[in-house]
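Please read the structure below before turning to the comments.
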Amino acid sequence: MEETKDLIQQRRDKLDEIRKFGVEPYPHKYEPTHTSSAIHQDFGEIQETPDDTQPIRVAGRIMTKRDHGKSSFAHLQDGEGRIQIYVRRDKVGAEPYKIYRRFDSGDIIGVEGVVFRTRTGELTVLASAIQLLSKSIRPLPEKWHGLQDKQTRYRQRYADLIMNPEVKDVFLKRTQIVQAIRDMLNSQGFIEVETPVLQPIYGGANARPFTTYHNTLEQPLYLRIANELYLKRLIVGGFERVYEFSRDFRNEGMDRDHNPEFTMLELYQAYADYHQIMALTETLIADTSEIIHGTTKIHYQEHDIDFTPPWRRVSMVDAVREYSGIDPGPLSPDELYTAAVNVGVELVGDETKGKVIAELFDAFVEPKLIQPTFIMDHPIEVSPFAKKKPENPEFVERFEFFISGMEVGNAFSELNDPVDQRQRFLEQANSLAAGDDEAFMMDEDYLRALEYGMPPTGGLGIGIDRLTMLLTNQYSIRDVILFPQMRPEN
RNA sequence: GAGCCGUUAGCUCAGCUGGUAGAGCAUCUGACUUUUAAUCAGGUGGUCACAGGUUCGAUCCCUGUACGGCUCACCA
């Protein structure tokens, strides 16, 4: 950055001056006795007279500095908040005060002193000793408006986190959300496992993969688009309740709810069907909201959302009929196709009836599903790992759930009939041959696993990024991913 | 991939109909021992994203490029 060179040069000059005082600007350690919030807790009652009996040490980044000749106020920011410090030349000594005058906002310092309350009532550390812990040579953004530019905020998340406490709060909440879900699953006997990110055969979802190459094996490998097939192998192996927070990679477009790498929770429960998984899903998410917010009613963007179970359950066909006015039930494939085209759905012409139903759903229903809603019983053509409905083999036992017009999760009664599964793979292989680059690859080893026998199993995937968006009221997935994907700067 | 919008000092932003750029904060100098957007006085700081074009003259108009945002498409 040529433009900042002057300001950086000024700070480098100060660095040299500080060294001339015999001070090492980048020491190896410091031992604080208190965090900022611990000071606020322990000394909340204190009045204007300093408590000389309890000296403390606190460390943090100088965020503001107000020099007044022979004394100075500053605010330190640490991992938990801010605390004001008061530095007086007569308390720290003439030379240390000279050194302190060369400190800038952004510098990280340690302060030893006693706690008191100023005339205006602010809890403050009266410094007796100050130590530079790290000199900052790049100026912080402006103190009042913070860092606003989205591009800089995403590219330099560190600066965003320093300047915008509400951003830090979002990511703290994200961690709490994951932790809450993990705790709940663990308490229900689920086992957390790790499965391959590098896969010789990708599968479990419809998406184009990222491809890489292993030099020693001399073979292409794919970054996983899902971990579904590995987790179900573990069900075959006898782990009856498994889950994984999986970083998945899909080589698709990016927008407000898609990042090329994202986090999905997948879980599988032996002997359960999708009705049980529905109950687990609504409880899991309602309880997560309760843990994070103390309530199951939240505000997301312009909507009030109520996670309180039970959520609405509606079949995809019924939802299409309700929102599009087209009842797919009695129509022939040709009639449905014509009806869909007439209401403006763009189709290429070779869609099956089930595909058209799914297209009508995407166009007319999905954006309208604001309150948590289970959409059930998808067409079989779009659901190659779900079990057929016993009474109607054109549809499967599957559900997706939608909140605020966004798909947040996907689940089914897992297909465990190896012969049926092979047939579904073959249909996918035909699509692949016909040019559908998002169709599945045949996975013989997965079929072999199913041939050993997989118990009836319910499976679930939840988009953790999207769930975090909802629970932190963030509009874009980039605001819940610490380092979202960006084009190179130059 | 398409459309619309944006890119001006370290940061946040103004800049009218085309006449070679401003503010606040930051920074620097000086004053100041209870301030907190400290205050007061005085300074420094710009390839107006980049490259072309039109024009006597372009931050401003036109074209292209880069990056970003939003919307749509693709996509769960």
Side-chain angles (χ1 to χ4, degrees), chain A residues 1-11 13-14 48 50 63-75 82-92 97 102 104-106 116-124 126 136-156 159 162-164 204-208 225-226 248 250-260 262 264 346 358 361-363 366-367 375 378 382-383 398 400-402 405-411 437-438 461-463 465-466 475-479 484 486-490:
Chain A
M1 296 290 170
E2 292 293 311
E3 304 82 45
T4 62
K5 195 164 181 197
D6 285 350
L7 289 169
I8 289 177
Q9 190 55 50
Q10 281 174 11
R11 287 176 176 227
D13 292 346
K14 288 180 185 174
E48 286 191 25
M63 298 305 290
T64 59
K65 192 160 174 265
R66 295 174 291 282
D67 290 329
H68 296 76
K70 299 180 189 65
S71 75
S72 171
F73 286 93
H75 273 102
R82 290 192 182 191
I83 183 74
Q84 182 170 256
I85 62 165
Y86 182 36
V87 184
R88 296 169 54 132
R89 194 173 70 169
D90 61 3
K91 293 280 182 190
V92 298
Y97 194 75
R102 279 150 177 94
D104 294 298
S105 68
F116 75 110
R117 202 173 279 281
T118 63
R119 277 179 205 156
T120 52
E122 179 158 356
L123 206 60
T124 300
L126 174 61
S136 161
I137 61 168
R138 182 176 292 271
L140 288 177
E142 198 242 1
K143 64 188 172 193
W144 193 241
H145 299 90
L147 181 60
Q148 299 293 330
D149 182 67
K150 281 195 173 169
Q151 183 164 186
T152 311
R153 289 185 42 222
Y154 296 149
R155 289 190 195 281
Q156 303 180 31
I162 291 168
M163 297 309 299
N164 298 316
N206 293 96
R208 281 176 291 172
I225 59 174
D248 294 343
R250 297 186 184 177
N251 208 337
E252 312 276 8
M254 299 156 60
D255 59 29
R256 90 169 186 95
D257 51 14
H258 293 85
N259 194 65
F262 63 101
M264 180 140 75
E346 287 184 30
F361 175 83
D362 287 348
E366 177 166 352
I375 295 293
H378 295 54
V382 296
S383 314
R398 175 179 178 187
E400 295 174 298
F401 65 99
F402 295 84
M406 193 160 60
E407 188 210 334
V408 182
N410 182 23
D437 55 4
E438 284 165 0
I462 296 179
D465 311 274
R466 291 178 182 181
Y475 182 74
S476 167
I477 198 168
R478 294 185 202 83
D479 292 315
M486 302 283 279
R487 284 196 167 86
E489 279 182 79
N490 298 312

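The model shown is predicted, which means the values in this text are computed figures rather than measured ones. Chain A is the first sequence line, chain B the second, and so forth, proteins listed ahead of strands; every chain is numbered from 1.
Residues A/Lys70 and A/His258 each lie close to RNA chain B; by heavy-atom proximity, the contact nearer the 5' end of the strand is made by A/Lys70.
Separating the CD atom in A/Glu122 from the CZ atom in A/Phe116 is a distance of 9.5 Å, to the nearest 0.5 Å. Of the inter-residue distances, the one linking A/Ile162 atom CD1 with A/Met63 atom CE reads 7.0 Å to the nearest 0.5 angstrom.
Taking atom P on both B/C75 and B/C61, the two are 38 Å apart, rounded to the nearest angstrom. Spacing of C1' atoms, B/C48 relative to B/U59, comes out at 5 Å, to the nearest Å. When the C1' atom is compared between B/U33 and B/U39, the two are found 15 Å apart, to the nearest whole Å. Rounded to the nearest Å, the gap between the C1' atom of B/G57 and that of B/G18 is 8 Å. Remark: the separation of the P atoms in B/U54 and B/U63 is 15 Å, to the nearest Å. The separation of B/A14 from B/G52, taken at their C1' atoms, amounts to 28 Å, rounded to a whole angstrom. Separating the P atom of B/A38 from that of B/C16 is a span of 32 Å, rounded to the nearest Å. Straight-line distance between the P atoms of B/G22 and B/G43: roughly 14 Å, to the nearest whole Å.
Regarding contacts with the backbone of B/C28, a side-chain N or O of A/Lys14 is found under 4.0 angstrom from either OP1 or OP2. At the phosphate of B/C70, OP1 or OP2 sits under 4.0 Å from a side-chain N or O atom of A/Arg478.
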Exercise. Which dot-bracket string fits RNA chain B when only Watson-Crick or G-U wobble pairs with both atom distances under 3.5 Å count, crossing pairs get [ ], and | stands for a partner on a different strand?
Worked result: (((((((..((((.....[..)))).(((((.......))))).....(((((..]....))))))))))))....

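At least one donor-acceptor pair under 3.5 Å links the side chain of A/Asn164 to the backbone N or O of A/Leu147.
With hydrogens and angles ignored, a donor-acceptor pair under 3.5 angstrom links the side chain of A/Asp90 to the base of B/U33.
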